[in-house]
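A short write-up of the structure that comes next.
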Amino acid sequence: MGYVAVTGGQQAIETANLLNQWYRLKDADHALEVTAIEKQMRHLVDRVISESGLYAPNDAALALKQAEGDPAEAAFLLRAYRSTLERNVESLTVDPGQMRVIRRISSAFKDIPGSQILGPTADYTHRLLNFTLRNEEAQAALKSVLQQLPKQDNPHTDHRQPFRKVADLLRAQGLLSPPNARNGLVDITRDKLTFPVPRSAKLQLLSRGDTGAMTALACSSMREHTAQHPTVAELRVGYVELTVAYPLASNETLSLGEVMVTEVETINSFTKKDNGDVQFQLGYGLTFGQNETKAIAMAILEQRLETDGTSPTHDEEFVLLHVDSIEANGFVSHLKLPHYITFQSKLDVLRQAQKLAAEKTDHQEV
Amino acid sequence: MAMHTPLKQTYNYAFLDEGSKKEIRRATLKAVAIPGYQVPFASREMPIGRGWGTGGLQLTLSLIGDGDTLKVIDQGNDDSVNAVSIKKLVQACTNVAVTTDAEQATLIQSRHRIPEVPIRADQILVFQVPIPEPLRFVEPKEKKSKHLHAEMDYSGIWLRLYEDIVKWGKISIGADYPALAHKRYIFAPSPIPRYDLPKLHQAEGLFLFGAGREKKIYAIPPYTDVEPLAFDDYPFEVEHFEGCSCRLCGSTDSFLDELYDEAAGQTFYQCSDTGYCRKCRERGAQHGK
């Protein structure tokens with residue numbers, strides 16, 4: 001009999017929890033170190049902090065350890081933890097133009113101020129399994145990498161100045177249409193969400209959306225509407241400084257430190273404004289950590305939601321209510337819960353309908 | 001091993017921070033003031049799955065205090081895994097007493113059942129709601145369904161009921177049967193069986209509905225009219241249990257789960273409200289003496 005009809009649910013849960021721990025550890029020589037996950041599973045950690053909306057790489061690593069590497073479960077753990085934290089201050093607006101850039105490319109212009117910087121990326125590696133990683137000695141490998149790096153690219157000695165953004169250059173030439181009028185700045189973790197949602201809520205929802213879901217939707221949008229093929233004006237990865245207003249002096253700020261973000265600006269087909277101006281439309285993506293595909297997908301979806309159309313990606317309820325990893329995973333997985341009552345009720349309706357159908361047939365036969 | 005380990009001090013009493021609890025209570029007050037109206041709220045992520053009772057849990061945690069006695073049921077059952085899990089969580093972050101006796105509880109969180117014994121004026125029943133929007137199955141868009149409610153344009157859902165009768169000879173909705181709250185808003189009672197729906201009408205207790213993923217709170221306050229949607233010639237019907245009784249307590253006046261015994265090749269019935277069933281058996285045993 002099932003997992004509810006008998007008594008003993010309490011004990012069954014305890015046992016399930018213990019078995020889960022046993023499976024996590026049964027073949028382990030030594031327990032995974034949280035710091036090792038944080039420092040060497042960089043993209044996984046970045047994905048989790050981005051999807052949870054909590055910039056806490058070490059907590060994300062802990063969540064990944066606890067979740068045995070499941071990014072959805074880890075993001076869920078962090079999100080639930082974040083629910084319990086007070087919001088004490090609001091940071092001042094961050095200007096990604098002031099980013100300490102580690103990587104920056106433009107697919108729109110060959111020559112951009114500050115030049116293209118490939119930075120850390122696996123884009124140009126061959127996807128061949130590197131078997132030497134099986135027996136890697138961290139310090140020796142690191143030393144060898146540093147020896148081979150050209151001096152100007154050595155992260156220890158690199159002091160690049162901030163670059164102007166490509167979009168700013170286009171804007172200065174009057175080629176970009178400004179974003180739709182702001183309709184209120186909301187905090188989706190504090191304020192209720194009502195449709196149509198303000199642009200700020202849209203950006204927040206997308207910024208912490210599920211990487212896979214957003215990539216799939218962005219892909220569908222490009223395939224269905226080839227005219228909508230956007231161009232990446234700029235993709236930049238780096239560190240931005242978070243500051244808050246200093247409470248004791250109105251014109252001073254306090255620095256809280258840096259967070260790593262990926263910012264993408266795409267240029268889309270041009271539109272004619274009400275005043276007759278013909279301009280490009282910008283799509284905007286920003287995520288915590290180095291999450292390039294997600295940031296591009298976000299820029300595509302953001303632009304699609306700002307324009308009218310009939311495809312699913314123009315529909316804000318369709319996109320925004322389904323790209324959240326925690327909510328989508330929760331709803332789909334809730335099917336594992338007992339549904340005895342609803343099923344019993346449905347069974348009753350079906351039997352009544354069968355009875356009515358049988359009576360009708362009998363009646364016709366007579 | 002301890003039955004439940006208290007959460008470390010890093011978590012607030014009743015898990016949520018006080019600001020969040022206040023916001024949820026404000027939404028709840030609005031919901032009580034407008035029976036059946038879905039009040040949007042900034043639903044928090046909870047440490048249980050989205051879709052596993054986070055709306056109900058947020059209501060419970062925003063209301064609970066040390067004087068409370070809590071009962072949690074899933075499909076009527078105190079011992080169901082999800083009910084146990086939710087109860088454990090609340091116990092871990094509060095000092096409240098728990099019970100399986102609906103009459104002892106001040107606060108009852110339930111998934112898909114109303115206990116057999118009527119809820120009193122000093123009790124609150126909190127429902128976990130998967131889809132709070134009764135118009136969702138005729139109108140997929142939130143923006144549109146909100147307009148329909150505002151204009152009390154319920155023709156779509158009436159038409160759906162009519163089509164059911166044409167197609168099946170009767171209204172085919174099982175659980176979560178839509179009803180009209182105090183002649184104004186059609187609301188989804190959450191997937192409780194039709195059997196439980198009349199218990200909401202002109203009741204003494206307060207019924208709160210929380211939908212975590214859908215971010216809505218609504219309420220049926222005491223002495224509210226709750227009318228299931230139906231036609232004069234096709235009246236509302238509850239589930240049929242004629243000739244069936246609980247195999248444990250013999251009850252013939254409770255909602256029954258249908259079970260199949262493979263070995264005996266037999267169908268048998270059992271009270272879905274396990275707390276009620278236990279009390280019936282205890283009473284029976286006393287009478288037996």
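To find a chain, count down the sequence lines: A is the first, B the second, and so on, and within it residues start at 1.
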Could you give me the CA-CA distance, side-chain angles and deciding distance for A:L193 and B:F41, then say whether side-chain contact (heavy atoms from CB on, under 4.5 Å) is met? CA-CA 7 Å; A:L193 199 63; B:F41 80 113; over 6 Å; no
Any chance you could measure [X], atom [atom1], to [Y], atom [atom2], to the nearest 0.5 Å?
X	Y	atom1	atom2	answer
B:S20	A:R190	OG	CZ	4.0 Å
A:L85	B:L16	CG	CG	11.5 Å
B:K216	A:K192	NZ	NZ	11.0 Å
B:R50	A:F76	CZ	CZ	8.5 Å

Using only atom types and a distance under 3.5 Å, with no angle test, would you say the side chain of B:R111 pairs donor to acceptor with the backbone of A:P338?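 Yes; judged by distance alone, with no hydrogens or angles, the pair exists.
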Using only atom types and a distance under 3.5 Å, with no angle test, would you say the side chain of B:E142 pairs donor to acceptor with the backbone of A:F195?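 Checked: no pair found.
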Is it the backbone or the side chain of [X] that comes under 4.5 Å from a heavy atom of chain B, or both, or neither?
X	result
A:L77	neither
A:F331	both
A:L356	side chain
A:T342	both
A:R351	side chain

What pairs with A:K346 under side chain to side chain contact (heavy atoms under 4.5 Å, CB included), at least two apart in sequence or on another chain?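 With sequence neighbours excluded, A:K346 shows a side chain to side chain contact (heavy atoms under 4.5 Å, CB included) to no residue whatsoever.
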Sidechain N-carboxylate O distance under 4.0 Å for [X], [Y]:
X	Y	answer
A:D324	B:R213	no
B:K215	A:E327	yes
B:E45	A:R208	yes
B:K146	A:E317	no
B:K170	A:D348	no

Where do A:D315 and B:K144 land on the salt bridge (charged side-chain N to carboxylate O under 4.0 Å, His left out) test, with the steps shown first? CA-CA 13 Å; A:D315 179 340; B:K144 188 86 205 311; over 6 Å; no
Tell me whether [X] at atom [atom1] has more than 12 heavy atoms from other residues, nucleotides or ligands lying less than 6.0 Å away.
X	atom1	result
B:E262	CD	no
A:E33	CD	no
A:Y55	OH	yes
A:D308	CG	no
A:K26	NZ	yes

Quick one: are [X] and [Y] in side-chain contact, heavy atoms under 4.5 Å?
X	Y	answer
B:F255	A:Q344	yes
B:Q128	A:H334	no
B:W52	A:S333	yes
B:N82	A:L337	yes
A:V349	B:R194	yes

Portion of B:L61 that has a non-hydrogen atom of chain A nearer than 4.5 angstrom: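 For B:L61, neither part sits under 4.5 Å from chain A.
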Could you look at B:E23 and say if it's the side chain, the backbone, both or neither that has a heavy atom under 4.5 Å from chain A?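 Looking at B:E23, just its side chain touches chain A.
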Tell me the closest heavy-atom pair linking [X] and [Y], and the distance in Å.
X	Y	value
A:I341	B:S272	CD1-OG, 3.5 Å
A:S345	B:G174	OG-C, 3.0 Å
A:N17	B:K88	ND2-NZ, 4.1 Å
A:S83	B:D17	O-OD1, 3.3 Å

Between B:P47, B:S43, B:G76, which has the largest tally of heavy atom pairs under 4.5 Å with chain A?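 Top option by heavy-atom pairs under 4.5 Å: B:P47.
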In terms of heavy-atom pairs under 4.5 Å with chain A, which of B:H240, B:H112, B:K87 leads?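 The residue among B:H240, B:H112, B:K87 with the greatest pair count is B:H240.
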Given A:E316 and B:K141, is the salt bridge (charged side-chain N to carboxylate O under 4.0 Å, His left out) satisfied, shown in steps? CA-CA 10 Å; A:E316 63 177 28; B:K141 293 287 167 246; over 6 Å; no
